[in-house]
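Here the structure is laid out as structure tokens; the discussion comes afterwards.
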Protein chains: 2
Amino acid sequence: MEKTTAYINANKQRFLDELFGLIRIPSISSIADHKPDMVRAAEYWKQTILKAGADKAEIIATAGNPVVYGEKIIDPTKPTVLVYAHYDVMPVDPLDLWKSPPFEPEVREDKIFARGADDDKGQSFMHAKAFEAMVATGELPCNVKFMIEGEEEIGSPNLEQFCKDHKEMLKADIILVSDTGMIAQDIPSITVGLRGLAYLEVEVTGPNRDLHSGLFGGAVANPINVLAKLIASLTDEHNPNTIPGFYDNVMDLTAEERAEMAKAPFNLDDYKKAIDIKEVHGEDGYSTIERTGIRPTLDLCGIWGGYTGEGSKTVLPSKAYAKVSMRLVPNQDHEEISLQFQKYFESIAPDYVRVKVTNLHGGQGYVSPTDSAAYKAASKAYEKTFGKKPIPFRSGGSIPIISTFEKVLGIKSILMGFGLESDAIHSPNENFPLFNLYKGMETIPWFYQYYTKPLSSESEKLA
Amino acid sequence: MEKTTAYINANKQRFLDELFGLIRIPSISSIADHKPDMVRAAEYWKQTILKAGADKAEIIATAGNPVVYGEKIIDPTKPTVLVYAHYDVMPVDPLDLWKSPPFEPEVREDKIFARGADDDKGQSFMHAKAFEAMVATGELPCNVKFMIEGEEEIGSPNLEQFCKDHKEMLKADIILVSDTGMIAQDIPSITVGLRGLAYLEVEVTGPNRDLHSGLFGGAVANPINVLAKLIASLTDEHNPNTIPGFYDNVMDLTAEERAEMAKAPFNLDDYKKAIDIKEVHGEDGYSTIERTGIRPTLDLCGIWGGYTGEGSKTVLPSKAYAKVSMRLVPNQDHEEISLQFQKYFESIAPDYVRVKVTNLHGGQGYVSPTDSAAYKAASKAYEKTFGKKPIPFRSGGSIPIISTFEKVLGIKSILMGFGLESDAIHSPNENFPLFNLYKGMETIPWFYQYYTKPLSSESEKLA
């Protein structure tokens with residue numbers, strides 16, 4: 001592996017330039033206007049994989065944005081690693097909070113600032129370049145396949161069908177994903193749990209047009225007032241979710257498992273200070289790490305209605321809207337939860353307004369075993385490059401497609417994430433430290449190595 | 001007065017064209033970018049008054065938008081009518097709901113469609129043209145002054161000072177205002193009550209930046225969830241306002257007064273049908289007319305936070321905002337109510353968020369006597385042109401400056417409004433029927449006539 005590492009070190013600047021080329025394509029999957037950018041980003045990935053040394057790479061159409069598929073089969077009897085990533089990114093608003101334009105990447109304080117710098121252009125590019133390095137140096141120990149999709153940020157609506165349609169092509173022993181984080185730059189971790197997601201939009205309609213709040217106010221229900229009441233009814237001071245039946249299937253952890261989780265390094269004061277809050281707030285009886293790692297939530301991701309501009313326009317608006325996200329934990333079914341939400345929301349709506357609930361997307365949670373060959377190989381890889389064993393960690397985030405892979409393809413995933421909490425993914429000023437980018441490139445080949453040729457003893461392993 | 005009426009009839013098209021010229025100036029007072037339009041609208045008014053026959057007209061600077069003042073003194077011993085109106089208009093969003101551009105007036109189905117068509121460009125222009133007609137025909141019976149301001153829609157923040165600075169210049173016997181409505185085209189009415197207004201903006205801040213709702217959701221309070229709770233705490237199912245002390249000074253009406261109000265023509269089914277709601281909703285124990293006419297309210301005029309675009313971006317936002325309007329009734333002091341609101345809102349905010357309350361504007365309510373000379377003159381004028389006695393009516397709207405006029409100048413106002421509920425003022429597709437425009441022009445000179453030369457007997461009056 002020395003040659004691979006040397007190759008990476010010798011090509012850092014070029015790798016960065018090529019990553020910037022990808023980042024400059026504003027491939028926002030949730031906004032229809034960006035359709036042409038999705039195709040450009042897919043094409044960029046195809047060329048990247050081909051140049052890195054793949055036998056072939058192609059752009060495969062789906063009902064939505066295309067999937068980039070590529071492969072290098074060096075020996076059919078050897079293991080196959082399937083790299084999964086996505087080329088789409090989140091929207092960028094509020095734009096005025098960005099210190100530099102989101103699609104003009106720049107390095108400040110040794111970090112890349114841009115939308116997608118981490119999620120997932122930066123992290124996915126580590127795989128392309130680790131692959132290139134192993135191929136170029138003759139150190140690739142196994143077969144590799146790439147599946148890079150363009151709809152992860154909108155819930156991968158077409159990837160399940162894609163997997164069903166290409167089961168044979170996608171055959172592999174393990175799916176390797178870098179779309180999560182690690183605890184800190186000096187505390188490597190491997191994500192072994194992901195939350196599921198149910199995401200809905202609600203619309204409350206009062207009168208058929210905006211009314212004068214003086215002439216009608218007091219006699220006609222105000223949809224914003226009503227929406228606030230309805231939202232308030234979805235939570236209480238002690239529970240993040242009061243929808244009947246919501247917790248029925250939640251898998252509780254044993255006291256031992258919770259004790260194990262509590263060992264992860266965590267400093268509440270630093271956590272509060274980093275995001276400038278006086279107090280954390282969440283479900284009674286659970287720690288902050290548990291609240292995000294093993295408990296479900298209900299968060300309002302957006303709300304709007306009436307006059308939102310400068311000054312003081314008086315109006316009794318016709319409509320008010322909100323976007324509601326529920327993070328789910330193992331055994332909660334996102335479709336069932338969405339139905340529960342819809343039923344409850346409609347049931348509590350008073351008859352002087354009309355409500356409409358739209359299910360925007362969803363996905364199941366995931367738990368990964370820590371005694372598998374892949375986990376062990378990943379653990380050794382981090383130990384090799386970071387000098388310490390990574391901590392198994394349950395993330396609060398969601399990658400709904402991971403559980404679909406297991407269901408449809410029968411393949412487990414290993415989540416080697418190199419992002420940091422401070423990367424501000426999905427937020428203004430998203431960033432990715434160069435340290436993490438290059439450390440990721442360096443660590444990935446070691447995973448290939450240990451996964452393909454498991455070493456039997458500790459002494460051998462760290463030789 | 002026959003000559004005045006004939007003059008109006010002969011010049012209808014020109015009057016309309018000139019009104020369109022005023023409407024085309026997008027004088028939105030709440031948006032700073034429109035400052036130059038405010039000056040253009042003031043200049044347009046100055047020229048309009050001068051051409052109509054005023055002795056003088058000038059644009060007088062204030063700390064905000066200027067006031068247009070004009071006068072024609074025919075005889076200092078005769079009564080003086082001070083016409084008050086405003087040249088500023090409300091914002092126009094949501095723009096996509098307008099069937100024709102808001103500042104390109106057009107006549108459809110005998111109505112003018114445009115922002116300001118009624119409020120207050122259409123209604124104020126009736127006064128300019130009634131004045132022109134009386135001057136041109138030699139039938140002006142008294143002195144006239146005009147005070148046209150540019151900040152009514154933002155609460156007239158500088159007009160009180162203007163009145164204090166120009167008390168002598170503004171001396172008059174009555175202030176005449178057309179900035180309200182009438183019950184229907186065949187049911188003339190005079191507004192004898194206006195609600196006061198307290199208008200505030202609230203801001204709830206959670207973390208210092210937008211967070212990933214997966215990584216942080218459940219452990220960090222979501223400002224939208226919290227804002228919804230706070231708003232929900234401001235009302236309950238039976239009361240439009242639960243702020244402690246809010247109702248303390250509300251002036252209750254006697255059973256007789258309420259019985260008198262109940263005589264006004266009102267059809268609940270038509271009302272619900274016109275705005276397409278299944279049920280009205282408001283304070284327990286009061287009718288729809290009472291809820292808007294004599295009871296205070298709390299309406300959310302706007303709310304925003306997080307992701308409000310297309311699709312399903314997951315985010316735990318840093319901030320959420322709302323605009324809150326409270327309509328007040330006589331004896332409620334808007335400054336006291338604003339303080340009460342602020343104190344209460346801050347007191348119920350949990351310590352895991354920060355809240356900021358900004359007082360945007362306010363004004364007192366107003367009740368006008370129905371036994372004054374001005375009321376009687378107005379009543380006779382409507383009876384003359386509509387063929388029936390107008391109904392005294394308490395509007396739910398607010399013109400905060402009216403109570404200020406009484407306080408500072410010691411002059412009562414008479415509210416001869418010619419708008420209709422269907423005019424959709426403050427809303428998309430604001431409109432003003434040509435019938436109302438010309439009927440207003442025709443009625444106003446009769447007010448001048450009856451106010452200047454009160455007739456002693458019924459027979460004389462309708463001669």
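Just the heavy atoms: all of them, side chains too, but no hydrogens, waters or symmetry mates, feed the values below. Within every chain, numbering begins at 1; the chains are lettered A, B, ... in the order of the sequence lines, protein sequences first and strands thereafter.
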message: Is A/Y199 close to chain B through its backbone or its side chain, or both, or neither, when contacts mean heavy atoms under 4.5 Å?
response: side chain
message: Using heavy-atom distances under 4.5 Å, tell me whether A/L211 contacts chain B through its side chain, its backbone, both, or neither.
response: both
message: Using every non-hydrogen atom in the two residues, find where B/D299 and A/G217 come nearest and quote the distance to one decimal.
response: OD2-CA, 3.2 Å
- prompt: Could you give all pairs that pass the salt bridge (Lys or Arg N to Asp or Glu O under 4.0 Å) test and reach residues 302-322 of chain A, with sequence neighbours left out?
  reply: A/E203-A/K319
task: Identify which part of A/S395 has an atom lying under 4.5 Å from any heavy atom of chain B, answering side chain, backbone, both or neither.
output: side chain
- line: Honestly, the part of B/L316 sitting under 4.5 Å from a heavy atom of chain A is side chain
task: With a 4.5 Å cut-off on heavy-atom pairs, point out which of A/I231, A/T235, A/I154 contacts chain B the most.
output: A/T235
- request: Please report the closest heavy-atom contact between A/R327 and A/Q332, naming both atoms and the distance.
  value: O-OE1, 4.4 Å
Chain A contact via B/A320 - side chain, backbone, both or neither, heavy atoms under 4.5 Å: neither
Region of B/Y286 that comes under 4.5 Å of a non-hydrogen atom in chain A: neither
task: Measure across B/P296 and B/P240 and return the closest heavy-atom pair with its distance rounded to 0.1 Å.
output: O-CG, 3.8 Å
query: If you take all heavy atoms of B/V250 and B/R295, which pair is closest and at what distance?
result: CG1-NH1, 3.6 Å
message: So, using side chain to side chain donor-acceptor pair (under 3.5 Å) as the criterion, who are the partners of B/E430 when residues are at least two apart?
response: B/R115
